[in-house]
Amino acid sequence: MAAERKTRLSKNLLRMKFMQRGLDSETKKQLEEEEKKIISEEHWYLDLPELKEKESFIIEEQSFLLCEDLLYGRMSFRGFNPEKLMLQMNAKHKAEEVEDETVELDVSDEEMARRYETLVGTIGKKFARKRDHANYEEDENGDITPIKAKKMFLKPQD
Amino acid sequence: MAEPASVAAESLAGSRARAARTVLGQVVLPGEELLLPEQEDAEGPGGAVERPLSLNARACSRVRVVCGPGLRRCGDRLLVTKCGRLRHKEPGSGSGGGVYWVDSQQKRYVPVKGDHVIGIVTAKSGDIFKVDVGGSEPASLSYLSFEGATKRNRPNVQVGDLIYGQFVVANKDMEPEMVCIDSCGRANGMGVIGQDGLLFKVTLGLIRKLLAPDCEIIQEVGKLYPLEIVFGMNGRIWVKAKTIQQTLILANILEACEHMTSDQRKQIFSRLAES
C-alpha cells in the first residue's frame with residue numbers, strides 16, 4: 001500500500017538545486033524553460049517606439065574661467081607681503097618691477113607675540129599623547145592654555 | 001480685440017532666430033534663440049541659390065561649441081537666459097568651435113565649480129567648517145583640505161576667519177564644497193587670509209573687469225603704495241595696506257571705479273600720487 005501512493009513533492013522543491021542533480025539533461029532544460037517563461041511573463045515593459053538620443057555638439061559650462069583669461073585673484077604690490085608667493089602667480093608683468101623695490105620686513109612685534117603664543121600650544125599638541133590631549137583643549141576664545149599639573153599619587157601623612 | 005493679440009502673436013512667431021555671429025557685441029535678451037554658424041547655411045534663402053557641394057561632409061564639420069554663462073542649449077540652438085552683451089572667443093588650439101557667453105551684471109553670486117572665492121567661517125562642526133560664500137547655502141570646508149594638514153596637525157582656523165579657496169563641488173543639487181588646496185596638494189596662495197585689512201563687496205562684473213589681463217586700474221593702484229589685495233569671484237575684495245587710511249582710500253577707489261570713466265580715474269590717481 002505504501003508503494004502505490006507516491007508522495008507528491010511541490011514544484012518549488014523540485015526546482016531546487018539538490019533535486020535536479022539526479023535528473024537528466026532533458027528534464028533540466030524543460031524546467032529551465034518553464035522558469036524563463038514565468039519570469040518573462042511577469043516582466044513589465046513600455047510599449048513605446050525606440051527613441052534615439054541625438055548627439056549634441058554644444059557643451060554647457062557655467063564658469064567664467066573658460067571664457068575670459070582672468071588673472072589669479074591674490075596679488076601683492078611693492079613687496080608688501082613677501083611670504084606669500086604671489087610674485088610667482090602673475091610673474092609675466094611683475095618680473096621687471098620686482099627687482100627695483102626693496103623688500104621690507106613688515107612683521108610687527110605684535111604679530112610676532114601673537115604667533116608665538118599659539119605656537120607653543122600647537123607644537124606641544126603634536127607631541128602629546130592621547131591622554132594629554134585633554135590638557136590642550138581650547139577654551140571659548142580658541143586659546144590653548146598650557147599644561148596643567150598632573151594629578152599624582154599623594155602619600156598620606158600618617 | 002482679437003486683432004492686436006493676433007498681430008502680436010504673428011510678430012513673435014515671425015521673429016526668427018538670429019545667427020550668433022551677427023549679434024556679437026550687441027545686447028541680447030532672455031528668450032532669444034541664436035543659430036550657430038553651421039545651421040545658418042541650412043536656414044538661408046530656401047534652396048533658391050545653388051550651393052556648390054562641398055566634399056567635406058557637413059555632418060563631420062560640426063565642431064563642439066561651448067555655451068558659457070547666460071546661455072543654454074535648446075535643441076541645436078543657443079537660448080539666451082540673461083540679458084547682456086554676447087561675446088565670443090575663438091578656440092586657441094585644438095578642436096572646438098570656441099566659447100559663446102553673455103556678459104551680464106549681477107550682485108548675487110551662484111557657486112560655480114573652479115571659482116576662487118573669499119569666504120567667512122561661520123561654524124566649526126566636527127571635521128568640517130561652514131563657510132559663508134554669499135550663495136544660498138554655506139559651503140563646507142574639510143580641515144584636511146589645507147596644505148600640510150593631517151589628522152594630528154590641524155589648521156589654525158577660527159570662526160570669523162577669512163578663507164580664500166576654490167570650489168570642487170558646486171551645482172544646484174548639492175551643498176557646495178570648497179578646498180584650500182590644488183590638485184597637487186599645494187596651497188598656491190589659498191588658505192586663511194591674514195589679520196587686519198578690510199573686506200567689502202562689489203558687483204560680480206567689476207571683479208571680472210579688474211581681473212582682466214589688461215586692466216589698467218590694478219596697475220595704477222599698485223604704483224601708489226605697498227598693498228595686498230585678494231579678489232573673490234563672489235564679489236568680495238579684501239585689501240590691506242600699511243595704515244588704515246591707505247586701506248580706506250583703496251577700498252573707496254575700487255568701489256567707485258566701476259562707474260568712473262578712465263579720465264576721471266586718472267585725475268583721482270594723479271591727485272593721490274601728489275599727496
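First the proteins, then the strands, lettered A, B, ... as listed; each starts at 1.
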Student: Non-hydrogen atoms of chain A under 4.5 Å away: do they reach the side chain of B:Met233, the backbone, both or neither?
Tutor: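 Looking at B:Met233, just its side chain touches chain A.
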
Student: Under 4.5 Å heavy-atom distance to chain A, tell me which part of B:Val230 shows up: side chain, backbone, both or neither.
Tutor: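 Looking at B:Val230, backbone and side chain both touch chain A.
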
Student: By a 4.5 Å heavy-atom criterion (distance strictly below it), what part of B:Lys113 contacts chain A: side chain, backbone, both, or neither?
Tutor: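 Contact with chain A: backbone only.
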
Student: Mind checking whether B:Leu210 and B:Phe231 have side chains closer than 4.5 Å, heavy atoms only?
Tutor: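 The answer is yes; the side chains approach within 4.5 Å.
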
Student: Could you check whether the rings of B:Tyr109 and B:Phe167 sit parallel, tilted or perpendicular, using 30° and 60° as the cut-offs?
Tutor: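 Answer is parallel, since the angle falls under 30°.
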
Student: Which pairs pass salt bridge (Lys or Arg N to Asp or Glu O under 4.0 Å) with one or both residues in residues 200-221 of chain B, sequence neighbours excluded?
Tutor: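 Listed by first then second residue: A:Glu68-B:Arg208, B:Asp103-B:Arg208, B:Glu216-B:Arg265.
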
Student: Heavy-atom distance under 4.5 Å to chain A: side chain of B:Leu224, backbone, both or neither?
Tutor: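 Backbone of B:Leu224 only, per the 4.5 Å heavy-atom cut-off to chain A.
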
Student: Out of B:Ile207, B:Asn153, B:Ile218, return the one with the most heavy atom pairs under 4.5 angstrom to chain A.
Tutor: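 Ranked by contacts with chain A, first place is B:Ile218.
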
Student: So what's closer than 4.5 Å to chain B heavy atoms on A:Leu65: side chain, backbone, both or neither?
Tutor: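 For A:Leu65, the side chain is the part near chain B, not the backbone.
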
Student: Pick one of side chain, backbone, both or neither for B:Ala241, based on which atoms fall under 4.5 Å of a heavy atom in chain A.
Tutor: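 B:Ala241 touches chain A through backbone heavy atoms alone.
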
Student: Taking every non-hydrogen pair under 4.5 Å, which of B:Val159, B:Leu71, B:Leu211 racks up the most with chain A?
Tutor: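 If we count pairs closer than 4.5 Å to chain A, B:Leu211 comes out on top.
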
Student: Say you draw a straight line from CG of A:Leu66 to NZ of B:Lys89; how long is it, rounded to the nearest 0.5 Å?
Tutor: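 Going from CG on A:Leu66 over to NZ on B:Lys89, the span is 7.0 Å.
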
Student: Under 6.0 Å between the ring centres of B:His116 and A:Tyr72?
Tutor: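 They qualify: ring centres under 6.0 Å apart.
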
Student: Report which part of B:Ile237 has an atom under 4.5 Å of a heavy atom belonging to chain A: side chain, backbone, both, or neither.
Tutor: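 Answer is neither: B:Ile237 stays 4.5 Å or more from chain A.
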
Student: Regarding A:His43 and A:Glu41, is there a side-chain donor-to-acceptor distance under 3.5 Å anywhere?
Tutor: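 A:Glu41 and A:His43 do not have a side-chain donor-acceptor pair below 3.5 Å.
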
Student: Taking only Lys NZ, Arg NE, NH1 and NH2, and the carboxylate oxygens of Asp or Glu, determine whether B:Lys240 and B:Glu228 approach each other closer than 4.0 Å.
Tutor: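 Looking at B:Lys240 and B:Glu228, the cut-off is not met.
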
